[in-house]
Amino acid sequence: MEPTRAILVTGANRGIGKAIVEAILEQTSDTLVYLGSRDRKRGDHAVMDIQARKSQWKDRVVMLPLDVGSDASVDNAAKIVRQSAKSNLAFYGIVNNAGVGYPDSDLKQTLDINVRGIKRVVEALASLMPSEGGRIINLTSAAGPNFVAKCSSEYQYRLTSDATSLESLENLMAEAEGMPSRQALE
């Protein structure tokens, strides 16, 4: 069956992201999956590995160069997806899986990828999705809730309240990035 819709999975060259790509391919026959990877070589290898598993997946998975921490990379990926949308391939969904762990990377990079990266991808691509029926799925680890549990009650409130606006969250992230260490939030 020729694909009629497309789904993007970010951070998909290994681990959970790659498993999500395989699950989508296994459970659907009408879907092309964009395997988002910031490293082209690892992304190409993941696509070849997936295509080798089942011959019917050969034309249904495409490596999409995508570093969610880069505005330019997200914009380029969006251009590629837009071109596919013009060829009668409906863009159906986004699975935001890309992420980094803190303290493996510094706080600024962690927030840029894990928070702002999701926002970048959604802002660049959500308008291509149908107003009804499209899906955006954001995956995270337990690291965020575990970090929040160690924060002071003031910061816990600021990070979890329904009243927290995107602007106030951006201000809080900028405040934290300016602190000498994450211990300042505790």
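Reckoned from all heavy atoms, side chains included, excluding hydrogens, waters and symmetry mates.
Residues Asp59 and Leu32 come closest through the heavy atom pair O-CD1, 3.6 Å. Minimum heavy-atom separation, Thr110 to Val100: CA-CG2, 3.7 Å. Counting all heavy atoms, side chain and backbone alike, Ser73 lies closest to Pro65 at OG-O, 4.1 Å. Counting all heavy atoms, side chain and backbone alike, Ala12 lies closest to Val21 at CB-CG2, 3.8 Å.
A salt bridge does not link Lys54 with Glu22: every distance from a Lys NZ or Arg NE/NH1/NH2 to an Asp or Glu carboxylate oxygen is 4.0 Å or more.
Proximity of a side-chain donor or acceptor of Asn138 to a complementary backbone N or O of Asn96 within less than 3.5 Å is not detected. In this structure, the side chain of Thr164 does not engage the main chain of Leu169 through any donor-acceptor pair within 3.5 Å. For the pair Gln51 (side chain) and Trp57 (backbone), a donor-acceptor distance under 3.5 Å is absent. In this structure a side-chain-to-backbone donor-acceptor pair under 3.5 Å is present from Thr10 to Asn97. Remark: side-chain polar atoms of Asp112 are not paired, donor with acceptor, to backbone N or O of Lys108 under 3.5 angstrom.
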Would you please test Leu139 and Val95 for side-chain contact (heavy atoms from CB on, under 4.5 Å) and show each step? CA-CA 7 Å; Leu139 298 175; Val95 179; 4.1 Å; yes
Could you walk me through whether Arg60 and Thr28 pass the side-chain hydrogen bond (donor to acceptor under 3.5 Å, both in side chains) check? CA-CA 10 Å; Arg60 295 186 41 231; Thr28 66; 3.2 Å; yes
Where do Leu8 and Val121 land on the side-chain contact (heavy atoms from CB on, under 4.5 Å) test, with the steps shown first? CA-CA 10 Å; Leu8 166 63; Val121 170; 4.2 Å; yes
Before giving the answer on side-chain contact (heavy atoms from CB on, under 4.5 Å), spell out for Val81 and Tyr34 the whole-Å C-alpha distance, their side-chain angles and the decisive distance to 0.1 Å. CA-CA 9 Å; Val81 172; Tyr34 289 109; 3.9 Å; yes
Dump the intermediate steps for side-chain contact (heavy atoms from CB on, under 4.5 Å) on Met63 and Ser37, then the final yes or no. CA-CA 7 Å; Met63 203 291 279; Ser37 176; 4.0 Å; yes
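Applying the salt bridge (Lys or Arg N to Asp or Glu O under 4.0 Å) test to every pair with at least one member in residues 67-83, sequence neighbours left out, gives these pairs: Asp71-Arg120.
The number of heavy atoms from other shown groups lying within 6.0 Å of CZ (Arg38) does not exceed 12. More than 12 non-hydrogen atoms from other residues, nucleotides or ligands lie less than 6.0 angstrom from CD of Glu154.
Distance check, rounded to the nearest 0.5 Å: CG of Asn114 to NZ of Lys119 gives 15.5 Å.
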Exercise answer: donor-acceptor pairs, residues 126-136 side-chain atoms, under 3.5 Å, sequence neighbours excluded:
{"from": "Arg135", "atom 1": "NH1", "to": "Gly133", "atom 2": "O", "distance (Å)": "3.2"}

